[in-house]
*Asks:* 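My questions all concern the structure below.
Only this structure's heavy atoms are used, side chains among them; waters, hydrogens and symmetry mates stay out. As the structure is a prediction and not an experimental result, all values here were calculated from the model.
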Amino acid sequence: DATGTHEVFIYSPNHHSGLGDLDDDHAAEFMQALKRRLTDHAAESGVRYTQVIVNHGREAGASLAHPHAQILGLPFVPTEMLDEERAFARFAGGCVGCTTIDAEEAADERVVFSDDDVVCIAPYWSGAPYELLIIPRRHESHLQSADDASLAAVGRAIRDAVRSLNSALGDVAFNLGVHSAPHEHSGEYHWHVHLWPNLVTQAGFERGTGVMINVVPPEDAAASLRNVRENA
């Protein structure tokens with residue numbers, strides 16, 4: 001029999017609101033609510049991994065117009081997460097997430113914004129135009145282990161990233177995914193958030209090979225987003 005759980009998280013009472021409209025307190029509470037749910041999921045014996053997603057816009061697969069997130073407790077660890085676990089494990093003696101922060105700030109080409117608690121970048125491996133990665137500076141494997149300051153910073157960063165995309169591109173459809181380590185994972189990992197605007201359609205090459213073609217270099221995407229933030 002199928003097992004697991006699927007929860008719909010209505011994070012705003014305003015039908016015409018969205019992640020980009022949250023104030024600081026609301027953004028922090030958004031993340032605190034996720035922490036509570038992941039903590040509960042981790043205590044369930046049948047849930048090995050929890051995926052948090054936000055689908056905004058019909059092109060991104062949103063079936064409900066009211067702003068919401070989805071929290072899915074799975075009885076298995078998805079392939080995407082297994083690949084990320086292997087990537088962290090291969091990076092012996094350090095953390096891919098922490099090293100990415102250091103490398104990107106040193107290169108100073110793909111950082112969209114940052115503060116003492118969080119960094120938002122257009123990663124050099126971006127598979128789609130304006131793909132963004134939000135990484136808390138504090139190293140924790142699981143979102144539910146993060147402290148209040150780190151969670152609040154990530155909530156604000158999600159809000160600000162969506163606002164920047166909307167300023168640069170209009171009300172763009174997007175998918176957001178929170179990646180926290182599988183509940184029983186004890187190895188190296190650094191939780192983070194992916195934001196994928198839906199600006200292009202995957203064609204035969206991408207679907208046939210799994211190789212993504214990105215028509216907007218991440219350096220250009222980051223520069224564009226920095227520009228709209230500076231002129232806001």
Side-chain angles (χ1 to χ4, degrees), residues 4 31 34-35 38-39 41-42 47-53 71-114 116-147 150-151 153-154 157-158 161 174-197 202 205-219 221-222:
M31 297 302 299
L34 296 182
K35 178 176 181 176
L38 266 68
T39 299
H41 282 202
V47 176
R48 295 187 59 198
Y49 174 72
T50 299
Q51 179 65 68
V52 177
I53 61 172
I71 307 170
L72 300 98
L74 305 177
F76 61 92
V77 180
T79 301
E80 177 73 15
M81 294 308 300
L82 292 174
D83 288 343
E84 284 197 359
E85 283 184 299
R86 296 186 188 105
F88 276 95
R90 286 195 300 268
F91 203 76
C95 167
V96 172
C98 294
T99 301
T100 296
I101 291 174
D102 293 341
E104 291 294 353
E105 290 193 316
D108 198 26
E109 291 183 296
R110 292 173 290 269
V111 176
V112 179
F113 60 85
S114 65
D116 291 341
D117 296 299
V118 69
V119 177
C120 176
I121 64 172
Y124 73 87
W125 63 81
S126 298
Y130 288 87
E131 178 180 338
L132 297 177
L133 178 66
I134 296 168
I135 313 176
R137 290 186 186 274
R138 178 170 177 176
H139 179 89
E140 297 287 358
S141 297
H142 299 92
L143 179 154
Q144 60 267 34
S145 299
D147 63 15
S150 188
L151 288 172
V154 171
I158 291 172
F174 65 82
N175 300 105
L176 180 142
V178 178
H179 280 185
S180 179
H183 295 306
E184 297 181 5
H185 176 90
S186 59
E188 194 67 68
Y189 196 81
H190 192 134
W191 79 276
H192 54 277
V193 179
H194 294 276
L195 184 55
W196 301 285
Q202 290 187 18
F205 179 78
E206 291 89 344
R207 292 185 183 277
T209 64
V211 178
M212 300 296 104
I213 297 176
N214 185 1
V215 298
V216 179
E219 296 81 7

*Asks:* Tell me, do T50 and I71 make a side-chain contact under 4.5 Å, heavy atoms counted?
*Replies:* yes
*Asks:* Distance-only, no hydrogens or angles: does the S180 side chain make a donor-acceptor pair with backbone N or O of L143 under 3.5 Å?
*Replies:* yes
*Asks:* What heavy-atom pair brings P123 and E131 nearest, and what distance separates the two atoms?
*Replies:* CD-O, 3.4 Å
*Asks:* Would you say the side chain of V119 lies within less than 4.5 Å of the side chain of E104, judging by non-hydrogen atoms?
*Replies:* no
*Asks:* Using a 4.5 Å cut-off on heavy atoms from C-beta on, say whether the side chain of L82 contacts that of Y49.
*Replies:* no
*Asks:* For the residue pair V118 and R137, what are the closest heavy atoms and their distance?
*Replies:* N-CG, 3.9 Å
*Asks:* Compare every heavy atom of I135 with every heavy atom of G97, then report the nearest pair and how far apart it is.
*Replies:* O-CD1, 4.2 Å
*Asks:* Rounded to the nearest 0.5 Å, how far apart are NE2 of H183 and NE2 of H142?
*Replies:* 7.5 Å
*Asks:* Do the side chains of D102 and T100 get nearer than 4.5 Å, heavy atoms only?
*Replies:* no
*Asks:* Checking V193 against V52 for the side chain to side chain contact (heavy atoms under 4.5 Å, CB included) test, could you report, in this order, the C-alpha distance in whole Å, the side-chain angles of both residues, the deciding distance, and whether it holds?
*Replies:* CA-CA 10 Å; V193 179; V52 177; over 6 Å; no
*Asks:* What distance separates R110 CZ from L133 CG, expressed to the nearest 0.5 Å?
*Replies:* 12.0 Å
*Asks:* Taking atom types as modelled and ignoring hydrogens, do the side chains of H190 and E84 form a donor-acceptor contact shorter than 3.5 angstrom?
*Replies:* no
*Asks:* Name all residues meeting the salt bridge (Lys or Arg N to Asp or Glu O under 4.0 Å) criterion together with E109; count only those two or more places apart in sequence or in a different chain, and write none if there are none.
*Replies:* none
*Asks:* Taking atom CZ as the centre, does F91 end up with more than 12 heavy-atom neighbours from other residues, nucleotides or ligands that are less than 6.0 angstrom away?
*Replies:* yes
*Asks:* Report the residue from I158, V112, L195 that forms a side-chain contact (heavy atoms from CB on, under 4.5 Å) with C120.
*Replies:* V112
*Asks:* Once you round to the nearest 0.5 Å, how far does CG of L38 lie from OG of S145?
*Replies:* 10.0 Å
*Asks:* Are P78 and Q51 side-chain neighbours, meaning at least one heavy-atom pair lies under 4.5 Å?
*Replies:* no
*Asks:* Heavy-atom distance under 4.5 Å between the side chains of H192 and H194, does that happen here?
*Replies:* yes
*Asks:* With a 3.5 Å distance limit and no angle check, can you tell me whether H139 reaches the backbone of W191 through a side-chain donor-acceptor pair?
*Replies:* no
*Asks:* Would you call the rings of H185 and Y189 parallel, tilted or perpendicular if under 30° counts as parallel and over 60° as perpendicular?
*Replies:* perpendicular
*Asks:* Quick one, R86 and R90 - any side-chain contact, counting heavy atoms below 4.5 Å?
*Replies:* yes
*Asks:* So, taking the atom named CZ in F88 and the one named CG in D83, what distance separates them when rounded to the nearest 0.5 Å?
*Replies:* 12.5 Å
*Asks:* Taking atom CG of D116 as the centre, does the number of heavy atoms from other residues, nucleotides or ligands within less than 6.0 Å exceed 12?
*Replies:* no
*Asks:* For H41 versus V47, what's the shortest heavy-atom pair and its separation?
*Replies:* O-CB, 3.7 Å
*Asks:* What is the minimum heavy-atom distance between K35 and A146, and which atoms define it?
*Replies:* NZ-O, 3.0 Å
*Asks:* For residues P218 and N214, report the shortest heavy-atom separation together with the two atoms involved.
*Replies:* CD-ND2, 4.3 Å
*Asks:* Is M31 close to S150 at the side-chain level, that is, under 4.5 Å between some pair of heavy atoms?
*Replies:* no
